[in-house]
Structures are given as C-alpha cells and as structure tokens.
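Quick note on labels: first sequence line is chain A, next is B, and so on, each numbered from 1.
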2 protein chains.
Amino acid sequence: MTVSRALNNRENVDDKTRKKVLDTAKRLGYKPNQIAKSLVLNKTYTIGVVVPEISHSFFPEVIRGIEEVTYQRQYHLILTHSAEKQKREKDAINTLESHRVDGILISTAESVKNFKLYKELINSNYPVVFFDRYVEGIGASTVGINDKESSRQITKHLIDHGYKKLAHLSGPSKVSIGLKRLEGFKEALKEANLEINEELIIESGFQESGGYKAMNKLLKLPKNKRPRAVVAVNDPAAFGAMRAIRDAGLNIPDDIAIVGFTDDIRAELLPCPLTTIRQPAYEVGKKAAKKLIDCIDGDDTVENIVVDTELIIRKSCGCK
Amino acid sequence: MTVSRALNNRENVDDKTRKKVLDTAKRLGYKPNQIAKSLVLNKTYTIGVVVPEISHSFFPEVIRGIEEVTYQRQYHLILTHSAEKQKREKDAINTLESHRVDGILISTAESVKNFKLYKELINSNYPVVFFDRYVEGIGASTVGINDKESSRQITKHLIDHGYKKLAHLSGPSKVSIGLKRLEGFKEALKEANLEINEELIIESGFQESGGYKAMNKLLKLPKNKRPRAVVAVNDPAAFGAMRAIRDAGLNIPDDIAIVGFTDDIRAELLPCPLTTIRQPAYEVGKKAAKKLIDCIDGDDTVENIVVDTELIIRKSCGCK
DNA sequence: TTGTACGCGTTATCAA
DNA sequence: TTGATAACGCGTACAA
C-alpha cells in the first residue's frame, strides 16, 4: 500500500520511503498495470471509436481530431472499423463494451437498418456521441454539420446560376445525412418554384462505384429528360459520376455540371476541380471527443453540435 | 464457475444448466468483462499501433490493413499518434505498455534520435514489429519496402532519360527509410559515373513544408549549378518542391523534372502528375499485423519482410 | 506514516 | 457435472 501511495505521488509518505520505492521501481522496470487499475476503479480511460471507413480523406482527419483531444485529456483510443457493414459494426460495439471503454464515438455504417443496438447502449447509460453520420432523437449527443442547410445552399448556388433541370445522387435511404441532404436539395428547388422530378433522384450511396452506376442511369434517360446539373451526396459519389459523364463523352460543366459534398482532398486536384461543401473534419473529431469525455465526466445534457461548413466554388459547377 | 463454463461453451456442462445460464445472462444483459479476463489471463487481445502521422494517404491505408487482420484474428487496436514528436511517441509506448497490449506496431517519428526505448521494449521480450519507418538490427521484425533499391530504380529512370544534374531532397537524417533512399540515389549516380554533388543533397524531411523550403534553397543556387531533376524522399516533400518550382515561375518537367515516393492519392491528380514509387500501404499493414500476432503466438523468428513496389511513370519526370 | 483486509470479475485447479 | 478456493494487480477503508 505504501508502494501504491509512493508511486501515485500521495502526500502521506515519508520522503525516504518514497525515494526507496521509486528507485526500486525504476530498477525493476516497474510499469503500472492499467488493467488491474481499470478493474478496481471500474474506469479504463479508454474510448472506443467506430468508423464506417478509413479512406483517404474525411475520417482520417476526424480521427486525428479525436486523437488530439484524447491525448490531451489522458484518454486512449480503441479504433474499430465497420467497413460499412452492420455485422462488423455490431461486433465492434460489443467488443468495445466488453473492453469496458468509458464511452463510444460512432459514425453509423451505411447498411445499418435499425437503431435498436444504439438505443440499448444509450438506455443502459453508456456514454455515446455520434459524429458525422448520426442518429437523432434517441438520447445521444451528435456532432455534425447542418446537412440540410448546406445542401440547400449548394443547390441554390446552381439554381442561381440558371440551371433548371437538377438531379440528385442520394445517400443510402437510412442514413441521416443522406436524407437531410436530399431534403435540402428539394427545399432549394421548391424555393425556386422548380418541379421536383423523382426520376432525377437516384440512390448512389456514399461510394465512388455507386456514384458511377447512379450517374449512368441518369445518362440513359432520353436526352430531353437528362439533368443539366447534378448534386451528389458526397465527393466520392461525385467522383464516380464524373467518371461516368466523361466515359459518355460529355463535358463537365458544359454538358452537365456537378457538385459534391465533403471537400475530399482530391476535389480540388481533379482535371475539373469539384465545387463542394467543405466539412471541417478535424473540428468534428475534436468536438465529438470533447463532448464524449464531458459526458463521461458527468455532463448529461444532450446536445446536437453543429460545425460550420463552407461552400467552395470551383470549376465543376460552371459558375466561375 | 459453472456459469463461466457455460458462457464459454465448454463441454462439461449439463444442457439444462447451460440453457438456464444463457437465458439468465441474456435476460440480465450480461456482458463479459474483458478487463477482468485480461487481468487473470495476462492477455488483452489488444495490440497497440504508433503512427507518426494520420495524413490523407499512406498511414490510413496501413491502418485499414492492420484493422482487417486484427478483426479477423479477434484482436483489437489501440491507435496512438506521435505527431512526429519524440515525446508523444514515448508517452504512447508507455501507456500502451501500461494497458498491457499484447504487442506493438511502430512506425518511428521523424524526430526520434535514439533507439533506447525501442531496445528496452524488445529486450524485455515485448513483441514489437516496425513498419515502414523501421529500425533494423535491434531484434525486432520489420515490414517495409526495399527503400534503397526502389530509390535507385527511380533515380536510374531519370538518368536513363538523359538527366545528368540530379538533386535529392532527403528525409530526416535519423530515419532509416530516408537514409536508404539517399543511398539508393547515390548508388544510381555512381553506377552511371555521375558525380555526387553534396550541395545538391538537401534535407527536406517528410512534410510538404520541408519540401518547399528545401527546394527554394536549390533554386537559390546560381543557374548553372541548379539541378535539372529532383528525387524527393516522398510525395509530400515532392508536392512542396513542386510548389516552390512553380512559384519561381519555372515549368515541370521542362525546366526541372521531379519524382516522388509513396504514390500518395494526390500524385496522379496534380496538374503535372507525379512520377513516383507505389508503396502497397494496405499490404504493409496486413503483413505487419500478421507478423505481430504470430510473434504474440510464439513465433520468435526475426524477419525483415519486404513488399514489392512499383515504379509509376507519369508526367513530372518528363520521360513520357 | 505504514500496514492489513477486502473487493473488482474472471479463470485454473482441484475437490466433491 | 458442479462448486469452492485462490489468484491476477491495484486502490479503498480502516486500523495500527
């Protein structure tokens, strides 16, 4: 016990004893066993992170933000990856619980169809914060952007520059950010008194391959029905769509204009740089981690934290 | 004890008892406590990863590879980030030890000046595998590429196309891959009987900013001493250098040719696509994780695993 | 200031 | 097949 006190810099230890303990600890290469500590304190100083993908742009930046905060606040990070699969996400959450992480940060996988697991987690008082792809109204805080408003804004940008026939490549039907972006798209059309043509709203999902396929469907429409401009749910989907447009021998933006969402690192480097919405990934990571650790420390207010986005105008929209 | 046996699917439990246990466990929402398990078994099924950066390209892919293997083999991942700082790397390793991870994967930070900490780790029989930025000859396995040979190859490519005055933007002087790439560069010059001009070898480090600064130094040389082609230690350094060249009003590759190393996702998208060496990041991650888990499982052979690279010829070298 | 007893949740071991 | 006991390494509570 005296050893424990000495190692933890408590007051009530004789200086000589303390020195002896510390010297011996050093000599023997003693390393405190965090596992035993966790067991007795019922606290691991570890948080779990579940990301749906580890691609090249958005999520690594978010993770960097999370890591920054956890490092500062002396927490650690168990990283899991759902690969957009519901089963893997479930496995991840279960093992994070088993490892008794103090809280969990989640960005939902594309294929998640119901929120029972999340609800159970939250109802059992497990601290959970969603980031980017969130589920609202089930009692957990969220950190994200204003998807609807940002989507409305970028759609309006196209409309303001005279485009009238707009298509939308939408996200998976169950994922919040996809739905909100779709809403924003529709709202912008309504505000401009443009007809909403369901034929021009195609589910692409979040991946490049889906964007490619979805765009090809649009390109198969008779010429007079084809869209003049496309709002993609995110940048990867836009990249796929751009490839489809180019493969069809058409020009961006002269034949078809297109905009994305994310500001992927590749967006500005493309042959025709992509107009998009910049999401501050690093900020999202930091705020999510902060909120989670606050929750762990007893903050039980549920917040929906919104970080600001920025419309980045490049060439693909043909407005510049 | 019977409960433990039932939950762990052991043989010697009566079927009725087992059913009762499982039902009750479910009803109570029982989740095994991995922490307690770890304490008694002295095994956490967790590995620690130390990366020097979480940028947009190489390391996220490596991590994806690591995650794939750990998921399959039922391990978990504690991710730490040294941000290229020696102190943070040290903190990371210490806390990973305290968390009793079963093994550690390390890619060394740029600023690490001595290997004492690594040696202690390895000498205390802690399973350690280095990946990408490795330290050889201290008893740990490594997974990387043949840096020297790849560097020699890409340098030779430039020489074969007639360039005679070559510069090198080198990595930090203490990091293995930087040194090896420098060696490869020199070797290619020697083989071609070209003079090695130390004035044209400048330390840029691994970051874009360093590449920019280093290139500016080269550009300040009198015109007749300036290099005609530049071999950068990696792609980010090359990106910085390209910016410096463009800022000086010069053309790539007509005034100065340049090549990189990594095949960062941005390399092919640049206005002048970058000739580079492709490193199979995902493979590196998988092989490193596999080797580490093998070590944990008792494999005590020290291997230096080399994964193949590929020379990717684009426009920046002016050879195509 | 120092030390003793106990408990965290689990498994191994050995006895019933 | 089931159960009792001890142990993993640590911190809390209390006693000396």
Side-chain angles (χ1 to χ4, degrees), chain A residues 1-46 48 74-76 78 93-103 121 124-127 296-298, chain B residues 1-48 74-76 78 93-103 124-127 296-298:
Chain A
M1 197 51 229
T2 300
V3 170
S4 171
R5 279 187 281 255
L7 291 170
N8 289 291
N9 292 316
R10 304 287 183 88
E11 295 288 294
N12 46 352
V13 180
D14 189 89
D15 279 354
K16 273 188 212 157
T17 319
R18 161 167 291 130
K19 189 173 179 324
K20 205 151 87 183
V21 169
L22 295 179
D23 287 353
T24 313
K26 189 153 199 181
R27 187 163 51 77
L28 300 178
Y30 170 82
K31 295 273 161 69
N33 185 329
Q34 184 62 41
I35 296 291
K37 214 172 201 166
S38 297
L39 185 62
V40 61
L41 296 183
N42 202 23
K43 169 129 177 108
T44 57
Y45 289 96
T46 296
Q74 310 252 55
Y75 274 74
H76 304 95
I78 298 194
I93 292 174
N94 280 330
T95 59
L96 289 175
E97 279 184 275
S98 272
H99 276 267
R100 296 295 191 267
V101 295
D102 294 334
L121 255 184
S124 66
N125 260 318
Y126 221 101
I296 292 168
D297 289 348
Chain B
M1 197 51 228
T2 300
V3 170
S4 171
R5 278 187 282 253
L7 291 169
N8 288 290
N9 292 317
R10 303 289 182 87
E11 294 288 295
N12 45 352
V13 180
D14 189 89
D15 279 353
K16 274 187 213 156
T17 319
R18 161 168 291 129
K19 189 174 180 325
K20 205 151 86 183
V21 169
L22 294 181
D23 287 353
T24 313
K26 190 155 200 179
R27 186 163 51 76
L28 300 178
Y30 169 82
K31 296 272 162 69
N33 186 327
Q34 185 62 40
I35 297 291
K37 213 173 202 166
S38 298
L39 184 62
V40 61
L41 296 182
N42 201 24
K43 170 128 177 106
T44 57
Y45 288 96
T46 297
I47 69 174
Q74 311 252 55
Y75 274 74
H76 304 95
I78 297 193
I93 292 174
N94 280 329
T95 59
L96 289 175
E97 280 184 275
S98 272
H99 277 266
R100 295 295 190 267
V101 295
D102 294 334
S124 66
N125 258 320
Y126 220 101
I296 292 168
D297 289 347

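Contact annotation: A/Ser38 does not reach the phosphate of D/dC10 (side-chain N/O to OP1 or OP2, under 4.0 Å). Checking the phosphate oxygens (OP1, OP2) of D/dC10, no side-chain nitrogen or oxygen of A/Ser4 falls inside 4.0 Å. Dashed line: the shortest gap from a side-chain N or O of B/Asn8 to OP1 or OP2 of C/dT11 is under 4.0 Å.
Closest non-hydrogen pair, A/Tyr45 versus A/Gln34, comes out as CD1-NE2, 4.3 Å.
Contact of A/Arg5 with C/dG3 (side chain to base): a donor-acceptor pair of N or O atoms is detected under 3.5 Å.
Counting any heavy atom pair closer than 4.0 Å across all strands shown, B/Val40 reaches a base atom. Base engagement by A/Leu39 is indicated by at least one non-hydrogen atom pair under 4.0 Å involving a base atom. Within 4.0 Å of B/Arg10, counting heavy atoms only, lie sugar-phosphate atoms of the nucleic acid but no base atom. Contact annotation for B/Ile35: no contact, since no heavy-atom pair falls under 4.0 Å across all strands. If you check every strand for non-hydrogen atoms under 4.0 Å, A/Asn12 touches a base.
Taking atom CG on B/Leu28 and atom P on C/dG9, their separation rounds to 14 Å, with Å as the unit. Per the geometry, NE2 belonging to B/His99 stands 14 Å off C1' belonging to D/dC10, to the nearest Å. A straight line from CZ of B/Arg100 to P of D/dG9 spans 8 Å, rounded to a whole angstrom. If you measure from atom NZ of B/Lys43 to atom P of C/dA12, you get 14 Å, rounded to the nearest angstrom. Taking atom OH on B/Tyr45 and atom C1' on C/dT10, their separation rounds to 14 Å, with Å as the unit. When rounded to the nearest whole Å, the span between CG of B/Asn42 and C1' of C/dT11 equals 13 Å. For the pair A/Asn33 CG and C/dC8 P, the interatomic distance rounds to 18 Å; values are reported in whole Å. We find that CG of A/Leu41 is positioned 14 Å from C1' of D/dA13, with the value rounded to whole Å.
A 4.5 Å side-chain heavy-atom check between B/Ile78 and B/Ile47 finds every atom pair outside the cut-off. Under the 4.5 Å side-chain criterion, counting only non-hydrogen atoms from C-beta, A/Thr46 is not in contact with A/Asp102.
Under 4.0 Å is where a charged nitrogen must lie from a carboxylate oxygen, and between B/Lys19 and B/Asp23 at least one such pair does.
Residue B/Met1 places its side chain closer to C/dT11 than to any other of C/dG9, D/dG9, C/dT11.
Proximity of a side-chain donor or acceptor of A/Thr44 to a complementary backbone N or O of A/Ser38 within less than 3.5 Å is not detected.
Along DNA chain D, the nucleotide nearest A/Lys37 and the nucleotide nearest B/Asp15 are compared for position; the residue whose nucleotide lies closer to the 5' end is B/Asp15.
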